[in-house]
There are 2 protein chains.
Amino acid sequence: MKPPTVYDVAERAGVSIATVSRVLRSPNRVRPDTAARVEAAVRELGYVPSGAARGLAERRTGVLGLYLPGFDAIEELTEIELPETGGTDIVSDLGRSADDHVADLYFDEVVRGAELEAWRRGYALMVAVGRGENSVQTFTDMAGRVDGLIVLARAVPDAVLTPLAARIPVVVLSARGDYEAFDRVSVSNREGMAALTDHVLAHTTGEIVYLGGPEESPDARDRRRGVRDALEKHGRTEDVRWMSEIFTRDTGRRVGRELVRAAASGEPLPGAVLCGNDQMALGVLDEFTAAGIAVPERVLVSGFDGIPAAALSSPRLSTVRQPIEDLGRAAIALLDERFQAPNGEPRGVRLPVSVLLRESTAPSV
Amino acid sequence: MKPPTVYDVAERAGVSIATVSRVLRSPNRVRPDTAARVEAAVRELGYVPSGAARGLAERRTGVLGLYLPGFDAIEELTEIELPETGGTDIVSDLGRSADDHVADLYFDEVVRGAELEAWRRGYALMVAVGRGENSVQTFTDMAGRVDGLIVLARAVPDAVLTPLAARIPVVVLSARGDYEAFDRVSVSNREGMAALTDHVLAHTTGEIVYLGGPEESPDARDRRRGVRDALEKHGRTEDVRWMSEIFTRDTGRRVGRELVRAAASGEPLPGAVLCGNDQMALGVLDEFTAAGIAVPERVLVSGFDGIPAAALSSPRLSTVRQPIEDLGRAAIALLDERFQAPNGEPRGVRLPVSVLLRESTAPSV
DNA sequence: TTTGTAAATGTATGCGCTTACACTGAGTGA
DNA sequence: TCACTCAGTGTAAGCGCATACATTTACAAA
């Protein structure tokens with residue numbers, strides 16, 4: 001049974017398809033009684049206009065796209081069970097440690113921000129993620145169905161992105177120096193880290209350990225640069241021990257243990273351990289706390305990201321909060337503005353970060 | 001400058017549009033060298049196939065839809081600033097209470113689950129939310145552009161949903177007794193609450209306070225029924241004081257204060273305070289802790305939902321975790337199966353909940 | 001060489017809608 | 001009475017693609 005079309009509605013209402021279309025698009029251009037007849041026919045047939053046909057005829061879809069590179073969480077997904085019976089699973093959850101519960105998938109917040117802003121402005125949002133070798137395919141697929149597109153920097157080869165940008169508005173997220181031909185949104189990663197480091201340097205004269213993320217990560221690089229900026233400002237570029245590790249709480253614990261051990265064997269504790277993200281910093285805190293090393297009295301610790309857990313630790317963690325959700329929102333806003341002014345100069349928006357000074361770097365009194 | 005079409009590509013490659021289409025859809029049906037020529041032309045022109053045209057011709061889009069009713073978070077959104085300069089905002093965040101930071105928008109997880117599963121299965125997901133009086137419009141708009149649709153129960157009038165379901169597969173989320181003609185997914189709200197209550201009743205002989213959500217909320221109603229089920233099982237339906245309030249932490253605090261005050265003026269403390277959600281329970285805990293009333297030694301407290309904060313409180317909160325993310329995932333899975341078997345019986349999937357027994361209801365030793 | 005067959009490609013149609021343009025008829029002013 | 005408007009409606013032409021069917025080509029067999 002085929003879905004009804006304008007033709008069916010037109011026939012039933014005794015009008016032409018043009019009139020049907022008008023009733024749906026510009027109701028004030030038809031006489032009220034014909035409109036009523038058409039609406040009745042629509043209702044009786046359960047007619048739903050085909051978005052594809054409309055999009056084709058109108059050359060716009062009212063849909064915005066957000067494209068993200070694939071991430072592990074998807075690959076790890078297993079088949080979901082579909083029980084009809086439900087049931088209750090009773091779990092004794094006593095004595096577990098209250099930790100990595102908070103899945104802090106960076107993308108999540110971007111997606112949510114984009115969704116909220118898109119909805120607010122009356123667009124629908126289509127989200128797709130690349131998977132394996134089909135990712136370019138997935139991307140162009142999506143590009144073909146939207147009026148504008150948001151892409152995470154480096155998620156798509158330039159050879160694909162550049163020609164596309166000539167067709168529809170494209171906003172690049174987290175672009176750094178590159179992508180100057182595109183509208184783009186980023187956050188002040190580097191400045192934020194510099195400001196936090198600045199604060200820390202003002203409160204300790206000891207050695208600084210910088211526990212940063214992997215060399216390849218652009219985020220990690222920016223944050224490292226921020227640290228260096230602050231060190232240079234204070235003329236203390238020699239006081240630092242640089243480390244590059246993966247961004248996990250376990251990494252933080254491991255490094256924390258090493259520092260504790262070193263201290264036990266007589267070496268001085270560093271004045272501060274700056275971390276490239278909150279998870280690492282929490283790991284370091286875990287070990288310091290376990291070893292009875294008082295933070296911030298004996299050593300300062302700081303993080304980056306502003307995840308919720310950073311406000312629940314003890315001591316609470318000084319950190320830099322990135323407005324990730326705003327990243328998504330701003331991108332949608334940029335797209336929307338680009339529709340108004342298709343040929344303006346590319347805009348680069350930089351969102352401010354918040355340096356949250358909390359107990360873990362409070363100057364020892 | 002108009003986007004290139006198959007015609008442009010065909011002309012450039014010196015072939016017909018049919019061949020271009022074949023190169024894109026079924027590459028093994030064209031000679032490798034023609035394919036190469038076409039691909040070159042595609043690249044040179046920056047051709048991106050129109051999703052609308054394709055959808056129209058193929059009568060499918062590869063897109064699934066998720067429709068949610070509007071919620072306050074959107075209405076409250078203000079215009080976002082788009083600064084070009086970035087900057088750093090330094091905030092002294094000392095001494096703040098570490099609390100409602102975690103925005104636990106129920107929908108979030110549904111959306112995320114649906115996204116993950118859709119991506120995993122190679123679909124794109126389109127998410128839309130209804131806003132004000134245009135919501136039906138938004139809904140049909142979306143319905144016209146997708147191959148299948150997920151809708152939250154009651155988000156759309158039956159008069160709209162029923163005829164649509166004859167056209168494309170529709171899955172209803174959180175359907176209760178109704179919606180039997182649709183594929184649907186729900187969780188064992190009632191059974192979960194019954195199981196948790198059962199556990200609590202086994203560990204106290206005192207009065208039970210049930211601090212539930214608003215009467216109108218179907219969720220609240222189901223949970224209340226679960227409590228009643230357990231009370232009946234234990235023959236203690238008289239031991240309970242029922243309360244219906246809005247689902248906030250402040251509500252919990254207010255009620256907590258009342259109980260503390262009553263206790264101070266000589267009334268006995270209840271044996272347990274069961275709450276309709278975690279936020280309320282955390283509010284109650286806040287006040288008990290502040291007043292020095294030991295939980296679980298003097299009174300048991302439980303929540304519902306399994307939000308992250310419930311695992312970070314002290315004592316940690318016993319609660320029932322709903323597999324919200326799975327709700328979204330299961331819905332997508334159902335849709336996908338429905339594509340295989342368009343005419344099967346409607347399926348009702350019930351997902352199991354997990355009762356998480358933690359310190360807040362641990363039997364006093 | 002001719003013929004048969006399969007692979008490769010082209011032609012033409014239709015998917016369901018919007019909209020420019022053409023047409024109709026009722027109302028207007030002269 | 002007769003142009004002349006103009007609101008209301010119809011006609012028809014695409015929008016860009018996939019694909020059934022028709023045609024051509026390549027190549028093996030006769």
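Only this structure's heavy atoms are used, side chains among them; waters, hydrogens and symmetry mates stay out. Chain letters run A, B, ... following the sequence lines, proteins first, then strands; residues in each count from 1.
Backbone-only engagement by Thr5(B) is indicated by non-hydrogen atom pairs under 4.0 Å involving sugar-phosphate atoms exclusively. Counting any heavy atom pair closer than 4.0 Å across all strands shown, Val15(B) reaches sugar-phosphate atoms only and no base atom. When heavy atoms are screened at a 4.0 angstrom cut-off, Thr19(B) is found touching the sugar-phosphate backbone but no base atom.
Rounded to whole Å, atom P of dG16(D) lies 17 Å from atom CD of Glu58(B). One interatomic measurement links the two molecules: CZ of Arg60(B) to C1' of dT19(D), which rounds to 16 Å at whole-angstrom precision. The separation between Arg59(A) atom CZ and dA20(C) atom C1' is 12 Å, rounded to whole Å. As a whole-Å value, the separation of Arg167(B) CZ from dC15(C) C1' is 17 Å.
Taking every side-chain heavy atom of Ala18(B) into account, dT11(C) is the closest of dG10(D), dT11(C), dC15(D).
Each of Ala53(B) and Arg31(B) lies near DNA chain D, and the nucleotide nearest Ala53(B) is the one positioned closer to the 5' end. Projected onto DNA chain D by closest heavy-atom contact, Tyr7(A) and Gly14(A) fall at different nucleotides, the more 5' of which corresponds to Gly14(A).
Using cut-offs of 30° and 60° on the angle between ring planes, the pair Phe139(A) and Tyr67(A) is perpendicular.
The base of dG10(D) sits with one of its N or O atoms less than 3.5 Å from a complementary donor or acceptor on the side chain of Arg22(A).
Side-chain nitrogen and oxygen atoms of Tyr47(A) include at least one within less than 4.0 Å of the OP1 or OP2 phosphate oxygen of dC17(C).
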